[in-house]
Protein chains: 2
Amino acid sequence: MTVTKRASDLVAVPAKPAEQGFVRTYLHYLLAAASDAVLTEFHALVRARGVRVPEWRILACLADEEGQMVTQLAALALMEQSRLTKIIDQMAEKDLVTRRSDQRDRRRVRVYLTKKGRKLAAELIAEARAHEAGIIEQISPDQAEILKGVLARIIDLHGPEARAGDRPSAPTIDEER
Amino acid sequence: MTVTKRASDLVAVPAKPAEQGFVRTYLHYLLAAASDAVLTEFHALVRARGVRVPEWRILACLADEEGQMVTQLAALALMEQSRLTKIIDQMAEKDLVTRRSDQRDRRRVRVYLTKKGRKLAAELIAEARAHEAGIIEQISPDQAEILKGVLARIIDLHGPEARAGDRPSAPTIDEER
DNA sequence: TGAAAGAATATGAATTATCATGTTTTCACC
DNA sequence: GGTGAAAACATGATAATTCATATTCTTTCA
C-alpha cells in the first residue's frame, strides 16, 4: 500500500499551513515542469538555428532510423499522425526529407532524410547532446542514470506501446524488421 | 503479448544494428515521453468528466492557492499569459472561477475559485492522487521519491524562476503576502 | 509634479493543431 | 476470387495557440 509519510490532508478549502501544495509535489506536474524547463531552454537554441521545434523532433527521430513509416514516426515523436503528415509536407518543401511509398505495402509511406536534412540533424543532435551533458553534470551523472532508468520504465508502462498492447483484443503490433 | 510474425518485412535504409538510438536515451526525450505517457492517461479521465485539460490545470493551481495573479498563475501552470487570460474567460463563463482586481495595484487581476470550481477541483485532485499512486506503486515508492527529488532539482535549475533570476538585472519576484 | 519607463492584463490577426472523415490499399475468410 | 473489415495516410473544417501590440495602471526621478 502507499504510505504517504507526508501530512495526509483531507479536502481543505484554503491551502495555507506549512504545506508545499498539491501541484508542486504531484508527479505528473513535476514531469511536465521538468520537461518544459529543459525543453524551453533547448528549443531556444533550435529556433536560433531557424528550425521549428516539431521539425527538430522529426529530424532527430529520422537520424536514429530512416525510412520509418508515418504512423511509427508519429508515435515516436509523440505527435498525431495528421499533424505529422503536415509537418512532413513542410519539411519536404524545405528539402529536409523525402517520402517514398513502400513497395510491398503501398499504403505505407516511408520518410527519409535528404542530404541537407541529415547534416542539419547531425548538427542539432550535437547541440542537444551538449545541452544534455550540462544538465547531467549539474544533477550528477549517477542520479541522471537513475533518472533515465525510471523514466524509461514509466514510458514502458504507460507509453503508446503499453496503451496499444493493453487493449482486450491484443492487436499485435506487427513490427517491421 | 502475442508475437504474430507477418512476413511483411521490408528493408529500409541500413539502420544501426545493435544500437539503442539517440532519441531513446536522450534526457529531454525521456522527460517529454514520460510526461506525455502519464498525462495522456490522466487527461482521458479529466475529459471524461467534461473538463478540458487547461482548465484542470488552473483548477489544480488555484486549489493550492487562490487569489494568484494572472502572470503568476500562468508561470505555475506552464502556459503563456495571453492564453491563460482566455482560459480564465471560459472558466468564468462556466462559473468555475471569478476575477477580482487587486485593490493595492489595480493592474493586477486575482483569480479565485467559485464554490463550484472548488468542488470540481477537489474531486479531480482526488482522482489525480489516485492515478499518481498507481504509478508510484509500479515504480516503487522509493524510486518515486528519488525521481521527484531529481525532477524538482531540474525545475529549480532550469524552470521559469531560474530563467528569470538568471538575467543580468535580477528582478526579484516581489511576492504579495 | 509630471513625463517616461515599466508592469500587468487584454485583444485580435495569423498561425497551428485537432477531429472527423475521405481515399487507397491490403487482409481475412468464406 | 470476391467482399467486408481494417490499416495507412491525406485532407479540410473547426478550434486552440501564439505573437505582436494595445490599454490601463504604477513607479521612478528629474
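Sequence lines set the chain letters: A, B, ... in the order given, protein chains first and strands last, and positions in each chain run from 1. On a predicted model such as this, the values are computed, not experimentally measured, just so you know.
When rounded to the nearest whole Å, the span between CD1 of Ile87(A) and P of dA10(D) equals 13 Å. In this structure, CG of Leu84(A) is placed 16 Å from P of dT16(C), rounded to the nearest angstrom. Going from atom CZ of Arg107(A) over to atom P of dT25(C) covers 10 Å, rounded to whole Å. Separating the CD atom of Gln103(A) from the C1' atom of dT25(C) is a distance of 13 Å, rounded to the nearest angstrom. Computed from coordinates, the Gln72(A) CD to dA7(D) C1' distance equals 14 Å when rounded to whole Å. Atom CE in Met91(B) sits roughly 14 Å away from atom P in dA10(C) (whole-Å rounding). Going from atom CZ of Arg104(A) over to atom C1' of dA8(D) covers 18 Å, rounded to whole Å. Atoms CD (Glu80(B)) and P (dT9(C)) sit 15 Å apart, rounded to a whole Å.
Here CG of Leu147(A) is found 9.0 Å from CD1 of Ile136(A). Values are rounded to the nearest 0.5 Å.
For Val70(A) and Arg47(A), each mapped to the nucleotide of DNA chain D holding its nearest heavy atom, the one lying further toward the 5' end belongs to Val70(A). With DNA chain C read from its 5' end, the first of the two nearest nucleotides for Arg106(A) and Gln81(A) is the one closest to Gln81(A).
Within the cation-pi definition used here (under 6.0 Å to the ring centroid, within 45° of the axis), Arg100(A) qualifies as a partner of Tyr112(A).
Relative to the side chain of Met69(A), the nucleotides dC9(D), dA10(C), dT26(D) differ in distance, and dC9(D) lies closest.
When heavy atoms are screened at a 4.0 angstrom cut-off, Met79(B) is found touching no nucleic acid atom at all.
Residue Arg83(B) places at least one side-chain N or O closer than 4.0 Å to OP1 or OP2 of dT18(D). OP1 or OP2 of dA10(D) lies within a sub-4.0 Å distance of a side-chain N or O belonging to Thr85(A). At the phosphate of dT9(C), neither OP1 nor OP2 sits under 4.0 Å from any side-chain N or O atom of Arg108(B). Close to dT16(C), at under 4.0 Å from its OP1 or OP2, lies a side-chain N or O of Arg52(A). Under 4.0 angstrom from either OP1 or OP2 of dT9(C) there lies at least one side-chain N or O belonging to Thr71(B). The side chain of Arg99(A) contributes no N or O atom lying less than 4.0 Å from OP1 or OP2 of dC9(D).
Looking at Ser101(B), its side chain never comes within 3.5 Å of a backbone N or O of Arg106(B) through a donor-acceptor pair.
If you check the side chains of Gln138(A) and Arg153(B), you find no donor sitting under 3.5 Å from an acceptor.
Remark: the Ser82(B) side chain and the dC19(D) base include a donor-acceptor N/O pair separated by less than 3.5 Å. Donor-acceptor pairing under 3.5 Å, judged by distance alone, is present between the side chain of Lys86(A) and the base of dT18(C).
Salt-bridge annotation for Arg110(B) and Glu66(B): absent, with no side-chain N of the basic residue lying under 4.0 Å from a carboxylate O of the acidic one.
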